[in-house]
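Scroll down for the structure; my scribbles are underneath it.
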Amino acid sequence: MVEPGDSGRIAEPSLAAPSLAAPSPYDDVLDVAERHARAWVSGIRERPIPPRLGTDEVKERLGRDLPESGEPATEVLDLLAEASEPGLMAMGSPRFYGWVIGGTQPVALAADWIVSAWDQNTGLRVVTPAVVAVEELAGEWLVDLLGLPAGSEVGFVTGATMAQFTCMAAGRDEVLRRAGWDAETQGLAGGPKVRFIAGEERHGTNDLAARYLGLGSPIVVPSDEQGRIRVDELERTLAEGTGPAIVLLQAGNIHSGAYDDFTAAIRVAHAAGAWVHVDGAFGLWAAASPKLQHLVAGMDDADSWSSDAHKTLSVPYDCGLAIVRDPKAMHRAMSMHASYLQATDVGADPHEKAPELSRRARGVPTWAVLRTMGRTGVAALVEQLSDAASGIAEGVGRLPGVEVLNEVVFTQVCIALEDDAATEALSERLWDEGEVLAMTSRWHDRAVVRFSVSNWQTDAAQVRRTVDAVERALAAVRAGG
Ligand SMILES: *Cc1c(COP(=O)(O)O)cnc(C)c1O
């Protein structure tokens, strides 16, 4: 481009954005999408939480047959939104406590829209430098914020399940390498067996990750009354065998919120030469709070950590975090090379930190949230969730006949009534009223109603509404209603 008035030399390419004024085929559909999205997010705090229609009913509303000829895109979007709306669960409600889900912070939703519009296939840094920059900064900030060893590598994956898979793949190959076996070229058959050792109250998705990795079922170590792995039993289990091992520890039990004793457990695991992975899908975030980081003391000595940004940090689904201390171990497990890919140095490209080659730039909303909240904002969010859990335990625990079963150390509260039938009736009653959603589970051979606090809008006022709703539901259960 020749700049007017200069000496005719070729100017640097302009870094300014092109004009936004030109009409485009995206305008109408984005307007419709925005209208529906705004309606959903603005109603989320007050609408009844459970879906009112099931899958089959929504299919009927959508129409089951593939149309022969097309329809206008704006009408398709209207149909999608209107037919689906009664079948949506208000997971972003500040009184949604069923499972650890997390809501969506406004800036994260907006950044996610931009990610879709940019549509960058985020495998290679020379190809999509901007989103790699954003994700790498987010990764470095996360390592810092979570108190993990500087230089640890971060992969953005779909969720904690795949983060566990990614981290344990690095661990599996590394412990085999130390035993003189190259799993990347030789596979597993014929090599030493890798013992996968985990606590009784691990999250079930770790078994999935181990299964995908050919490790089989875990050797199970008993847990204590809060669900923490028993370190004496772990030591005994490690001593019963030899050879490569992966030890799974947990930051945040889904029933109690309890944290394993990392200092002691990592010491015995490392003494036996094991790779230590920490499942911190939601619990890892305690590390971001000066008040709560005592819960994760010693955790930074592990070899890898998995977490979710779509839970505690409240970015839209999906975003999991796979974090590995030794970047080389991660790259060896995840890299591939092909002549048509413009690779940089080994280990520099996003696809070497995740199972996928092609993927969306899912780390971008995480960057936007971290930048918007800052270090103190994230700490405040984590403390708010933990305070809300304490508030629920206190308020609900005062109601007659309600027993709080766990030590409430973080965001999880488990309650029970005098028998399983009454406990289950309480949860059903809450579902029917729709103001609060908390699901049943079984813990220590008892039906429980579990409150998982993981929404950025759950504050003291929401806690009061929650306790009131539980009180109403309890009265209805007692009245036999
Ligand atoms: C949610 C959760 C997982 C699985 O995470 P996904 O994001 O659903 O894959 C694993 N471990 C714990 C402790 C969890 O809470």
Side-chain angles (χ1 to χ4, degrees), residues 89 91-92 96-104 108 112 142 146 154-169 171 196 198-213 218 223 226-229 246-260 262 265 276-287 295-296 299 302 304-323 354-356 359-360 362-363 365-366 382 385-386 389 406 409-414 438-439 441 443 448 450-455:
M89 170 76 90
M91 289 184 153
F96 176 92
Y97 306 104
W99 316 281
V100 186
I101 297 286
T104 295
D112 203 57
L142 285 166
L146 298 172
V154 179
F156 289 96
V157 294
T158 49
T161 306
M162 287 311 289
Q164 291 150 196
F165 169 84
T166 304
C167 291
M168 290 203 268
F196 172 48
E200 200 179 348
E201 292 201 24
R202 68 199 174 280
H203 196 275
T205 54
N206 291 287
D207 294 28
L208 269 187
R211 199 196 303 161
Y212 301 158
L213 290 165
S223 300
Q226 293 299 315
R228 295 171 292 231
I229 198 167
I246 296 175
V247 169
L248 173 76
L249 300 179
Q250 182 164 256
N253 176 294
I254 55 158
H255 289 105
S256 66
Y259 289 71
D260 287 343
F262 297 113
V276 179
H277 177 71
V278 176
D279 170 6
F282 63 93
L284 209 61
W285 295 91
L295 293 168
V296 297
M299 177 196 69
S304 58
W305 306 264
S306 47
S307 193
D308 272 322
H310 57 216
K311 290 178 177 171
T312 309
L313 200 60
S314 296
V315 305
Y317 277 76
D318 47 28
C319 187
L321 309 168
I323 311 175
E356 295 89 359
R359 65 169 175 85
R360 70 190 273 101
R362 63 166 55 82
T366 294
V382 175
L385 301 180
S386 163
N406 63 309
V409 295
F410 195 48
T411 54
Q412 306 302 104
V413 183
C414 274
M439 299 303 291
S441 178
W443 194 45
V448 298
R450 199 165 67 98
F451 293 81
S452 298
V453 183
S454 62
N455 187 283

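All heavy atoms count here, side chains included; hydrogens, waters and symmetry mates do not. The first residue of the sequence shown is numbered 1, and numbering continues consecutively from there. Remember, it's 1-based here, ligands and their atoms both numbered in the order they're listed. This is a predicted model, so every value here is computed, not measured.
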One finds that the ligand 1 atoms under 4.0 Å from a non-hydrogen atom of Ala281 are 2 (C), 3 (C), 10 (C), 11 (N), 12 (C), 13 (C), 14 (C), 15 (O)

When every non-hydrogen atom of Pro355 is compared with those of Thr166, the smallest separation belongs to CD-OG1, 3.4 Å

Looking at Arg202 and Asp279, is there a salt bridge between them, counting it only when a charged N and a carboxylate O are closer than 4.0 Å? no

Atom 11 (N) of ligand 1 sits nearest the protein heavy atom Asp279 OD2, 2.8 Å

### Task
Assign the ring pair Phe410 / Phe282 to parallel, tilted or perpendicular, where the plane angle (0 to 90°) is split at 30° and 60°.
parallel

Handout entry: Candidate pair Phe96 and Met89, rule side chain to side chain contact (heavy atoms under 4.5 Å, CB included), full reasoning
Key = CA-CA 9 Å; Phe96 176 92; Met89 170 76 90; 3.9 Å; yes

Logged contact type for Ile254 with ligand 1, heavy-atom cut-off 4.0 Å, is side chain

Problem - Trp305 and Leu284, any side-chain heavy atoms less than 4.5 Å apart - result: yes

The answer for which part of Thr161 has a heavy atom under 4.0 Å from ligand 1 is both

Contact region, His310 to ligand 1, non-hydrogen atoms below 4.0 Å, reads side chain

Notebook entry, point to check: Any N/O of Gln250 closer than 3.5 Å to an N/O of ligand 1?
Noted result: no

Give a yes or no on whether a salt bridge exists between Asp112 and Arg362, defined as a side-chain N under 4.0 angstrom from a carboxylate O.
-> no

- Query: Taking distance alone, with no angle check, do Asp308 and ligand 1 share an N/O pair under 3.5 Å?
  - Reply: yes

If we number the atoms of ligand 1 from 1 as shown, the ones under 4.0 Å from a heavy atom of Gln164 are 10 (C), 11 (N)

If you measure every N/O of Ala160 against every N/O of ligand 1, is any gap under 3.5 Å? yes

Numbered in order shown, the ligand 1 atoms found under 4.0 Å of a heavy atom of Phe282 are 15 (O)

**Prompt:** Within the side chain of Asp308, is there an N or O that forms a donor-acceptor pair under 3.5 Å with the backbone of Leu321?
**Reply:** no

Tightest non-hydrogen contact, residues Ser441 and His255, listed as OG-NE2, 2.7 Å

The protein heavy atom nearest to atom 15 (O) of ligand 1 is Lys311 NZ, 2.9 Å

